[in-house]
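All values derive from a computational prediction rather than experimental measurement.
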Amino acid sequence: MIQVHSTLHRALVEFQPRDRGKVGIYVCGPTVQSEPHVGHGRYAVAFDVIRRYLLWRGFGVTYVSNVTDIEDKIIAAAQEAGESVEVLAEKMSERFSKAFRALGVLPPDVEPKATEHIPEMIELIERLIDRGLAYERGGDVYFSVKTLEGYGKLSGRRPDELRSGHRIEVVDAKEDPLDFALWKATKPGEPWWDSPWGAGRPGWHIECSAMAEKYLGRGFDIHGGGMDLIFPHHENEIAQSEGASGEPFARYWLHNGLVNLGGEKMSKSDGRVVDLESIVESRGGKALRMLFVRAHYRSPIEFSDELLDEAAEALDRLERFRQRVTAGEPDSGALLRFQEVMDDDFGTPQAMSLLFDLVREGNRQLDEGGDASPIAGAVDSIIGVLGIDDASGPQQSGSLLSDEAIDEFVEERSRARSERRFHDADRIRDRLEEAGITLEDGPDGTRWLRR
RNA sequence: GGCGACGUGGCCGAGUGGUUAGGCACGGGUCUGCAAAACCCGGUACACCGGUUCGAUUCCGGUCGUCGCCUCCA
């Protein structure tokens, strides 16, 4: 039995897909207004692990993750950069994909763009108007929060509480300050589309409602995204979708914890961000993925160079073990334990613990001349589900020695050692170390490892 | 102010009403020409104060502290 923590239920609940053996997942992708930061990497990895695990558990998974390519911020960014919204969005979108690939994130099965689903959004808005849940004011269309029973159920807020808050933008056109825009009348210089309410563009939130329904249908299984999207974005998605259909929108809501920098949220708005692309290049997507997977996906996580070092270190330990032995048929007991911890809301920290237990046990068996291939097989399987192998290492800097060249040096050193010319041998080792190659002498000869 | 999460050993990070998480770092060993790696051994940590209990880090109450959301944000 798989249990997941659903924000909607505020508890661990048994995971039961809508359709037997199949899982539909919708994860809120980025608003492509600027380059990706480490926080984006975290949500991508979190849900990629969930996707891979469900696949491993034998489900047919349809993974949908959108690109929001029309929105206030993008328009502003494009105007500032002096380029079109389209060009900017396309460029950023490509950079997100590339960075995610370096993190070992599988491409979504469907990656719908908001601008390619305007008719679906218009149709959805019309349904909401027909049902008396939305109204038009001077070319804008707003969702009427007070007419919907149960608004606030995801975020645990009551409308009157929200209303008493003083931070809600007051727009005269709205009947209620809580109402939010489904459609916005166009302003000069902005992209626009024709609609029954005149030229305009969609509001934020509506694209997810329209595209999730289109690709996954009503009552699909898992809706995911960052914790910070719970309110208002996901709350409003529920309002729109359930308001229009009268049916539940998504069965389970999963939210990943945010990335902190110096104890505080990494946030675009106050410039506290670490650029994802530069980390992936200099430190490798693999190390960053490791850093993410070491913590539970719902916990907040601190980001720093030191923590990245630690993650890379742990990765090396894993790699060294895997280089010692050829993987065989996986140890079934180990996989069973892996399944146990992952079934419990995707317990990757426990999976890591298991992984390193296996490494120690495998190393011990090898030291004793035993057969560690089943353990190595289990290690490989687990690493595969965690997606670590699909992430890329850091870009190699400095001298690039070919494998053949390294082998030659190593052989030369072995000759020196056997002739007890240790000074010569050590000089070769030091030079290789400087070039980023570490040597390890063992009973079966010398192994080397790029650092 | 409202809602929510969390406070674990030097650091990261799980978990449990009484018995070993795990990683990194550190100390001692084994091995080795040396080093690295690997393996073995090593530190009675659970914010504070009460309560329940034979027994609480784990349950209840309170205090303090940190963080998130309430506005765009993964």
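Using atom P as the reference point in both B:C60 and B:G7, the two lie 14 Å apart (nearest Å). If you take atom C1' in B:U8 and the same atom in B:U44, they sit 14 Å apart, rounded to whole Å. Spacing of C1' atoms, B:C41 relative to B:C31, comes out at 16 Å, to the nearest Å. Across B:G15 and B:G50, the matching P atoms stand 28 Å from one another, rounded to whole Å. A distance of about 24 Å separates the P atoms of B:U58 and B:C67, rounded to the whole Å. Annotation: B:A21 and B:G10 have their P atoms spaced 15 Å apart (nearest Å). With both ends at atom C1', the span from B:G13 to B:C46 equals 13 Å, rounded to whole Å. The P atoms of B:G9 and B:A47 are separated by 8 Å, rounded to the nearest whole Å.
Rounded to whole Å, atom P of B:C40 lies 13 Å from atom CG of A:Leu366. The CG atom of A:Asp424 sits 14 Å away from the C1' atom of B:C34 (whole-angstrom rounding). Protein atom CG of A:Leu162 is 12 Å distant from nucleotide atom C1' of B:U71, rounded to whole Å. With rounding to whole Å, A:Glu433 atom CD is found 8 Å from B:A36 atom C1'. For the pair A:Glu340 CD and B:A14 P, the computed distance is 19 Å after rounding to whole Å. For A:Asp309 and B:C24, the CG to P distance is 13 Å, given to the nearest whole Å. A straight line from CZ of A:Phe303 to P of B:C11 spans 20 Å, rounded to a whole angstrom. Atom NZ in A:Lys265 sits roughly 12 Å away from atom C1' in B:C70 (whole-Å rounding).
Ring centroids of A:Trp183 and A:Phe143 are separated by 6.0 Å or more, keeping the two rings apart. Residues A:His205 and A:His234 keep their aromatic ring centres 6.0 Å or farther apart. Taking the six-membered ring for Trp and the full ring otherwise, A:Tyr215 and A:His117 have centroids separated by under 6.0 Å. With ring centers used as reference points, A:Tyr252 lies 6.0 Å or more from A:His223. A distance below 6.0 Å separates the ring centres of A:Phe249 and A:Phe220.
Here B:G22 is the nucleotide among B:A74, B:G22, B:C24 with the atom lying nearest to any side-chain atom of A:Arg360. When the nucleotides B:C24, B:A74, B:G13 are ranked by their closest atom to the side chain of A:Arg317, B:C24 comes out on top. For A:Arg320, the listed nucleotide lying nearest its side chain is B:A38; candidates were B:A38, B:G23, B:C72. Of the candidates B:G33, B:G15, B:C39, B:G15 carries the atom nearest the A:Gln350 side chain, counting heavy atoms from C-beta on. The side chain of A:Ala295 lies closest to B:G13 when the candidates are B:G2, B:G13, B:A74. Closest to the A:Arg417 side chain, of the nucleotides B:C34, B:C11, B:A37, is B:C34. The nucleotide whose nearest atom lies closest to any side-chain atom of A:Arg413 is, among B:G33, B:G15, B:C69, B:G33. Distance from the side chain of A:Glu161 is smallest for B:C3 among the nucleotides B:C24, B:G22, B:C3. Of the candidates B:C11, B:C70, B:C39, B:C11 carries the atom nearest the A:Glu310 side chain, counting heavy atoms from C-beta on.
Residue A:Phe303 forms a side-chain contact (heavy atoms from CB on, under 4.5 Å) with just one option from A:Ile279, A:Val273, A:Asn260, and that option is A:Ile279.
Taking a cutoff of 4.0 Å between a charged side-chain nitrogen and a carboxylate oxygen, A:Glu310 and A:Arg294 qualify as a salt bridge.
With centroids closer than 5.5 Å and planes inclined by less than 30 degrees as the test, A:Tyr43 and the base of B:A74 fail to qualify as a stacked pair.
Checking B:U30 for Watson-Crick or G-U wobble geometry (two distances, each under 3.5 Å) identifies B:A38 as its partner. Pair assignment for B:G43: none, as no Watson-Crick or G-U wobble contacts are both less than 3.5 Å. With a cut-off of 3.5 Å on both pairing distances, the Watson-Crick or G-U wobble partner of B:C59 is B:G51. When both pairing distances are held under 3.5 Å, B:G65 makes a Watson-Crick or G-U pair with B:C6.
At a cut-off of 3.5 angstrom, the base of B:A35 holds at least one donor-acceptor pair with the side chain of A:Arg429. Judged by distance alone with a 3.5 Å cut-off, a donor-acceptor contact links the side chain of A:Asp426 to the base of B:G33. Taking only distance into account, the side chain of A:Arg158 never meets the base of B:C3 through a donor-acceptor pair shorter than 3.5 Å.
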